[in-house]
Every structure is written in C-alpha cells, then in structure tokens.
2 protein chains.
Amino acid sequence: MASPRVLSELEGVCLGIVRKYDPCTAYHVRMKLKEAPSSHWKASSGSVYPLLSRLEDEGLIKTAADTSDGRGRTLLSITRQGRASLKKWLVAGASQNLISSLTDPIRSRMFFLDALPAAQQATYLDKLEAEMERYLTDTERHLANQSQVEERYNYLGALGAVKLAEARLAWLRTVRHTLLSC
Amino acid sequence: MASPRVLSELEGVCLGIVRKYDPCTAYHVRMKLKEAPSSHWKASSGSVYPLLSRLEDEGLIKTAADTSDGRGRTLLSITRQGRASLKKWLVAGASQNLISSLTDPIRSRMFFLDALPAAQQATYLDKLEAEMERYLTDTERHLANQSQVEERYNYLGALGAVKLAEARLAWLRTVRHTLLSC
DNA sequence: CGATGCATGTAAGCTGTTACATGATTGC
DNA sequence: GCAATCATGTAACAGCTTACATGCATCG
C-alpha cells in the first residue's frame, strides 16, 4: 500500500504535465511551467528536480535513460499509481479551503492604500492600470496560441487567466474612479 | 541607515493592519487576517508573532506593555520608519511580477481535467460550481459589512474579492457548458 | 568556435504552517 | 465554576526560491 498523501499544488501540476507530454524530460516540465504568463510558479530547477525525484521514489512516475542523446536525458512517464494520485489531487480541488486560497497582491495592497498621500495614490493606480493592461494582453496572446479543438483543456485554463485579468482590470478602474473623482 | 529590504506579502499586510488599528495587539492582527473570507493567509500564531518581533527588531513597529490588562497584553504601534516601509511595500506592488503571481488552484487543475473520465468530470464541475457559489456568497456578505463611506479602502478591497469570485464562477460555467454540451 | 539553448542537479535560505504549550479574562 | 475567547509564544517541518555548478548540443 503506497503512501496516500495528498500532492502539493506544484506536485499536482508537475505530475499533470508529465502525463500530458509523456514521455518528457524534467527540463520540459520546467519550460511548460514558465510559458504560461499567469503561472504563480517560478519552477526553478531547485524545486522541480527534487520534486520529481520524490514522485519517482513514491512510484508516481518512472524514468528511462534516453541513450540516443549524449546529454544523458532522463525521460519521465506517469505510472498507473501516478494516474490515481493525479485524479485524487484533481478532485481534492473542489474544497472551500482551496477555492478561497487565491492570493492577490494587488487586492492585499488596496486595503492599505490610504497610507499613501492622494497624489501618490493616483500615480500608483495609474501605473498599476498600465501594468495590468499589459498583463491582460499577455494572457490574451497566450490564449490565442491554444487551439480550441486540439488543446481544449489548455484553452479553457488560459481562458480563465484572461477572464480573471479582465475582472481585476475592471475592478481597478472602479477603484480609480471611486478614489479620484471626489 | 536601516535595512532597506522589501517586506514580504504577509509582513506588508500585518504592518498595514497595525497601522490601521494602531495601537493593537498581535492577536488582533491575527483576527483581522482571519475574518476576510478571501484571505490567503492562515495567520497562525507561529507566523504572526515571530513576524512582528522581526518588524520590531527592525524598528518598523514599537511595543508598549498594557498594564491595565492582567494578561500582559502588548500593544503595537507603527513607527515613522514603519510608515516609510509600508509605502515602499505598497508601491512595489505595481510590478508585472507581482501582478502575475496570482495562484488559482481551480485554474491549475483545469489544464489536467482530461485525466478524469467524463462522468467524474461532470461530478467534479458540479461540486466546484456549488462551492464557488457558496464562496461568492461569503465574499458578498463580507462586502456588505464594510461601510462604503467610513471604510472606503476595506470596501474596495472586499469588492475586489467579490468581482474576482464572480469572474471565476462565470468562467466555471463556461467551462462546464463547453465540456458537457457535446 | 562561440553563443544560446537543452539538460541536470545541489546547498542555503526564506517564508509560512502545524502542532504544541500556557495562562488570564469575560460572560453565562 | 466552566466554557469561550483573548493573548502570547515555541519547535519542527514543509515547500519553494535563489544562487551556484556543470556540461553537451545545435545553429550560425
């Protein structure tokens, strides 16, 4: 009986990537994490390699040396047990505690904006809006690269990032209007 | 010259709370962190007390023993240096890297939903939608408790939580419709 | 033949959580 | 008097980041 522990967020995501691009290298997993503009994860080698070793130790992925490549690549595949763990991680996401664990540094700061003098508030909100617009553009561009038919799930995930970015931007504009128009 | 390091997210939030309810106890800071349904922070004593000690060591807050209370309460106040640090933390929020660091466990999972058989996908999405509705209600209730005039910044922050929750729910419904209607 | 990208790792450190531990105050 | 809340902390650990270190492959 394998350890039935719940995977961490990054573990679940990495295992999901291994499954999706099976077989692939650890490096590939890192690159996939990096290419989404909306990903929280830095996915440095310092987190990914030990993480994947751990998953291998627990039998969730298996490795095979790629002899055709002189760099000593290691190809990763998900195991039957890994698939079961991934499913478990997936459905565990429908809990109040995970739904509410969304961190938003912008919103956090809004509560304390009165610490800035009015002029600086305006400057800050201006810059924020400009950066948020740029971020929205990034997420939209990323969405445009996902095929709606071939990569349905990637498309829907990327769509979520766009929708959230739109909502944040709209909220920011409301804030700006509320604070600066009187 | 004091250490000009940038505060972490939780440090900034805690310092902001101290400033807002100055003077207040560390316990009060924890309770404030807990009462928002959209807060990412668990704000356990194990994080808050050492954090506030650190801020005191760096001269960002000062403490005073409350002799009128037998429990040995310690009252916290923000210092001039603390105000400067808080402002710095605030404006540092307008950076691409912080804007994009929004973690969404629901969206993360969407990319891998194809790991579940269709029937389980439907069950999962149903449960998710129900929980998201409950979460939206929580944030709305919290918003209703914030005065739009007296607590303008708290109101705007809570409004952001509601707007994000609405956008996530709308997106979830799109996902459900897309995946289950064919 | 040099730059960029592919590829794999380790060590130290930061930040926050969980679990534990203690005790006073307030309201019923 | 007892329960809930107020109040303060510590120790161990989990999880991820930063910085460092190495070396082959590919393309111009």
Side-chain angles (χ1 to χ4, degrees), chain A residues 3 5-15 17-18 21 23-35 39-58 61 63-76 89 97-98 101 103 105 108, chain B residues 3 5-15 18 21 23-35 39-58 61 63-76 89 97-98 100-101 103 105 108:
Chain A
S3 65
R5 74 177 181 95
V6 192
L7 298 175
S8 75
E9 287 303 294
L10 185 56
E11 282 171 340
V13 171
C14 287
L15 187 55
I17 293 174
V18 169
Y21 302 97
C24 67
T25 64
Y27 181 79
H28 185 78
V29 172
R30 283 183 56 208
M31 293 306 107
K32 282 292 154 190
L33 281 166
K34 266 193 182 171
E35 76 187 27
S39 170
H40 162 75
W41 311 107
K42 296 283 181 330
S44 52
S45 51
S47 54
V48 173
Y49 286 93
L51 184 155
L52 292 171
S53 295
R54 213 154 57 226
L55 296 187
E56 196 198 349
D57 290 346
E58 293 174 18
I61 57 178
T63 60
D66 179 2
T67 47
S68 73
D69 189 297
R71 279 170 290 196
R73 296 163 91 208
T74 304
L75 292 172
L76 308 173
W89 173 78
N97 120 30
L98 271 179
S101 81
T103 344
S108 296
Chain B
S3 65
R5 73 178 183 96
V6 193
L7 299 174
S8 75
E9 287 303 294
L10 185 56
E11 281 170 342
V13 171
C14 287
L15 187 55
V18 169
Y21 303 97
C24 67
T25 63
Y27 181 79
H28 185 78
V29 172
R30 283 182 57 207
M31 293 307 108
K32 281 291 155 189
L33 281 167
K34 266 192 183 170
E35 75 187 27
S39 169
H40 162 75
W41 310 107
K42 297 281 178 340
S44 51
S45 51
S47 55
V48 171
Y49 285 93
L51 184 154
L52 291 171
S53 296
R54 213 155 55 227
L55 296 187
E56 197 199 349
D57 290 345
E58 293 173 17
I61 56 177
T63 60
D66 179 3
T67 48
S68 73
D69 190 296
R71 278 170 290 196
R73 296 162 92 208
T74 304
L75 292 173
L76 308 173
W89 174 79
N97 120 31
L98 270 178
S100 67
S101 81
T103 345
S108 296

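Residue numbers begin at 1 in each chain, while the letters A, B, ... track the order of the sequences. Nothing here was measured: the structure is a model prediction, and the numbers come from that model.
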For [N], take OP1 and OP2 only and decide whether either is under 4.0 Å from a side-chain N or O of [X].
X: A:Arg71; N: D:dA25; result: no
X: B:Tyr27; N: D:dT8; result: no
X: A:Ser47; N: D:dT17; result: yes

If you define the side chain from C-beta out and look only at heavy atoms, does anything of [X] sit under 4.5 Å from [Y]?
X: B:Glu58; Y: B:Glu11; result: no
X: A:Leu55; Y: A:Val18; result: no
X: A:Leu75; Y: A:Thr63; result: no
X: A:Tyr27; Y: A:Arg73; result: no
X: B:Ser108; Y: B:Thr103; result: no

CG on B:Asn97 to NZ on A:Lys42, rounded to 0.5 Å: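 A:Lys42 NZ to B:Asn97 CG: 5.5 Å, rounded to 0.5 Å.
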
Pair of N/O donor and acceptor under 3.5 Å linking D:dG15 base with A:Ser8 side chain: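 Side chain to base: no pair below 3.5 Å.
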
Tell me the interatomic distance from [X], atom [atom1], to [N], atom [atom2], rounded to whole angstroms.
X: A:Arg54; N: C:dT10; atom1: CZ; atom2: P; answer: 13 Å
X: B:Lys42; N: D:dA14; atom1: NZ; atom2: C1'; answer: 13 Å
X: B:His28; N: D:dG9; atom1: NE2; atom2: P; answer: 17 Å
X: A:Leu51; N: D:dG15; atom1: CG; atom2: P; answer: 9 Å
X: B:Asp69; N: D:dT8; atom1: CG; atom2: C1'; answer: 12 Å
X: A:Tyr49; N: D:dT17; atom1: OH; atom2: P; answer: 15 Å
X: B:Arg30; N: D:dT8; atom1: CZ; atom2: C1'; answer: 9 Å
X: B:Met31; N: D:dA7; atom1: CE; atom2: C1'; answer: 9 Å

Have a look at [X] and say if it touches a base, only the backbone sugar-phosphate, or nothing, with a 4.0 Å heavy-atom cut-off.
X: A:Ser44; result: base
X: B:Gly46; result: base
X: A:Thr74; result: sugar-phosphate

When you get a sec, tell me which of [options] is the closest nucleotide to the side chain of [X]?
X: A:Ala26; options: C:dA19, C:dT8, C:dT15; answer: C:dT8
X: B:Arg73; options: D:dA7, D:dC16, C:dT10; answer: D:dA7
X: A:Leu10; options: D:dT8, D:dT18, D:dC16; answer: D:dC16

Closest-nucleotide ordering on DNA chain D, the 5'-leading residue of A:Glu9 and A:Gly70: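 Nearest nucleotide further toward 5': that of A:Glu9.
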
A:Ser45 vs A:Val6, nearer the 5' end of DNA chain D by closest nucleotide: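 Looking at DNA chain D, the more 5' nearest nucleotide goes with A:Val6.
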
DNA chain C: 5'-proximal contact among B:Val48 and A:Leu75 (nearest heavy atom):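 Looking at the nearest nucleotide for each, A:Leu75 comes out on the 5' side.
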
